[in-house]
2 protein chains.
Amino acid sequence: MKRSEQILRQHKVKVTPQRLAVYGVFNNGKCHLSAEEIFQKVKAQVPAISLGTVYAILENFTSKHLLNEIKIDFSRSLYERTDEDHHHFLCRLCRKVLDVEMPRCPVLDRKSVQGHAIENFQGYFYGVCKDCSSKKR
Amino acid sequence: MKRSEQILRQHKVKVTPQRLAVYGVFNNGKCHLSAEEIFQKVKAQVPAISLGTVYAILENFTSKHLLNEIKIDFSRSLYERTDEDHHHFLCRLCRKVLDVEMPRCPVLDRKSVQGHAIENFQGYFYGVCKDCSSKKR
DNA sequence: CTCTGTGCAAACTCTTTGCACTACC
DNA sequence: GGTAGTGCAAAGAGTTTGCACAGAG
């Protein structure tokens, strides 16, 4: 699978087995993963990897816009591929984070607000998800 | 100033000097404060208060919708009065959090998305603020 | 009087840092 | 070969927890 390697190079990210493995974790469809989850998954491929390295790679990837850091939950960060365009929903009961597709808001296409240059936007919804509200009644 | 006391009671929050002091910290215009900042300000009025109590009060106030927890910055939470309606902007250079007034997006008035009940929304912009970009050139 | 809130300190979680070693380019 | 990445362990920040005492309703 040369594809991931190309993408890393396109983003001017130095290629290592650890980085390919971290990037590869996100290949299986849409997902939001914590550093710890990524660490566990990557260990299957690169057993010697350390959690510190995972954090270093995640920091590198987010600064190069390969990944987005999602801070919707109040304890840990989640990460996802940047190629997805949506908001996020956190259920206060089951703590699951769900993607929310919505009609694109015109403000999000703006390059600046009140003179401040916009590089990124995150929209977070909080509430109770469909599954949890149906369980209750 | 009986006003704060009334508001606390209206929100079914038991009134104590500590709680009045924490609530009072937000009286001076729009502000986003961290737990530590609130702790420091409240100590002026209630010297014996502890940081743990501040956290307990903040948790109580957010659950009763007296305050909003803002998790835009990746290290600590900020808190603000709920009566303000806006998004937030974090400057990646000076780390300041700014309010962003914008045309209200129609999706925000929805009570649910894809079957999930919405109780709260936070819109976070990331980038470089006006002050920092003017300093650079 | 009872139950919740408070103060204090220790514990916990997630993340960052320092340093020696490794390996991309 | 030089610079950036890695592994490990320890440190750090912010927040939570447990418990005994105090105070609101």
Side-chain angles (χ1 to χ4, degrees), chain A residues 2 4-23 32-40 42-64 66-67 69-79 90 92 95 97, chain B residues 2 4-23 32-40 42-64 66-67 69-79 90 92 95 97:
Chain A
K2 287 275 176 60
S4 305
E5 210 172 317
Q6 282 178 5
I7 296 171
L8 263 56
R9 286 186 208 284
Q10 279 165 17
H11 285 79
K12 307 199 191 303
V13 168
K14 203 180 264 186
V15 175
T16 68
Q18 290 86 344
R19 290 178 172 192
L20 285 171
V22 168
Y23 189 75
H32 332 96
L33 299 167
S34 67
E36 183 64 37
E37 288 167 337
I38 295 165
F39 176 52
Q40 294 304 333
V42 168
K43 266 207 286 199
Q45 280 183 259
V46 188
I49 199 170
S50 74
L51 185 54
T53 300
V54 171
Y55 274 106
I57 292 173
L58 291 173
E59 145 63 18
N60 182 285
F61 281 8
T62 44
S63 76
K64 302 286 176 54
L66 268 166
L67 294 181
E69 184 172 5
I70 309 168
K71 199 76 181 184
I72 192 174
D73 201 350
F74 290 164
S75 54
R76 72 244 158 92
S77 285
L78 300 179
Y79 298 85
L90 173 70
R92 76 169 148 80
R95 312 303 293 174
V97 174
Chain B
K2 287 276 177 58
S4 305
E5 210 172 317
Q6 283 178 3
I7 297 172
L8 263 55
R9 287 187 207 283
Q10 279 166 15
H11 285 79
K12 305 197 190 305
V13 169
K14 206 180 261 188
V15 175
T16 67
Q18 291 86 345
R19 288 176 175 193
L20 284 171
V22 169
Y23 188 75
H32 333 95
L33 299 168
S34 66
E36 183 64 36
E37 287 167 337
I38 294 165
F39 176 52
Q40 294 303 334
V42 168
K43 267 207 287 199
Q45 281 183 258
V46 188
I49 199 170
S50 73
L51 185 54
T53 300
V54 171
Y55 275 107
I57 292 174
L58 291 172
E59 146 63 19
N60 183 284
F61 282 8
T62 44
S63 76
K64 302 284 175 53
L66 269 166
L67 294 180
E69 184 173 6
I70 309 169
K71 200 76 182 183
I72 193 174
D73 200 350
F74 290 163
S75 54
R76 71 243 158 92
S77 285
L78 300 178
Y79 298 84
L90 173 70
R92 76 170 147 80
R95 311 305 293 176
V97 174

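Naming convention: chains lettered A, B, ... in sequence-line order (proteins, then strands); numbering from 1 in each chain. Below, all heavy atoms of this structure are taken into account, side chains as well, without hydrogens, waters or symmetry copies. In this text the structure is predicted, and so the values were computed from the model without any measurement.
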Nucleotide nearest A/Arg76 (side chain, heavy atoms from C-beta), chosen from D/dT15, C/dG7, C/dC14: C/dC14
Phosphate contact (C/dG5 OP1 or OP2) by B/Arg19 side-chain N/O below 4.0 Å: yes
Integer-rounded Å distance: C/dC24 P and A/Glu5 CD: 11 Å
Atom pair distance, as rounded to whole Å: CG in A/Asn60 and P in C/dT16: 13 Å
Gap between atoms CG and P, on B/Asp73 and D/dA13 respectively (whole Å): 15 Å
Under 4.0 angstrom between B/Thr16 side-chain N/O and D/dA24 OP1 or OP2: no
Short side-chain N/O contact from B/Ser77 to OP1 or OP2 of D/dT15, under 4.0 Å: yes
Donor-acceptor under 3.5 Å (B/Thr53 side chain, B/Ile49 main chain): no
Considering all heavy atoms, the nearest A/Ala35-A/Val54 contact: O-CG1, 3.9 Å
Most 5' of B/Arg9 and B/Ala35 on DNA chain D, judged by nearest nucleotide: B/Ala35
N or O in side chain of A/Thr53 less than 4.0 angstrom from D/dG7 OP1/OP2: yes
First of B/Glu36 and A/Lys14 reached from the 5' end of DNA chain D, by closest nucleotide: A/Lys14
Heavy-atom side-chain proximity of A/Phe39 to A/Leu51 below 4.5 angstrom: yes
Closest to the B/Lys71 side chain, choosing from D/dG7, C/dG7, D/dT15: D/dT15
Separation of atom NZ in A/Lys43 from atom C1' in D/dC8, rounded to whole Å: 13 Å
Separation of atom CG in A/Leu20 from atom C1' in D/dT6, rounded to whole Å: 15 Å
Nearest-Å distance for atom pair CG/C1', residues B/Leu51 and C/dA11: 15 Å
Side-chain heavy atoms of A/Val42 within contact of A/Gln18, under 4.5 Å: no
Sugar-phosphate, base or nothing in reach of B/Ile57, heavy atoms under 4.0 Å: sugar-phosphate
D/dT16 phosphate, OP1 or OP2, under 4.0 Å from B/Tyr55 side-chain N/O: no
Closest approach of B/Arg19 to B/Phe61 (non-hydrogen atoms, all atoms of both residues): O-CZ, 3.7 Å
Nearest-angstrom distance from the residue atom CZ of A/Arg95 to P of C/dC14: 13 Å
Sugar-phosphate only, base, or nothing, as touched by A/Ala56 at under 4.0 Å among non-hydrogen atoms: nothing
Residue-phosphate contact under 4.0 Å: B/Gln18 side-chain N/O, D/dG23 OP1/OP2: no
Between P of C/dC14 and CG of A/Leu33, the distance in whole Å: 15 Å
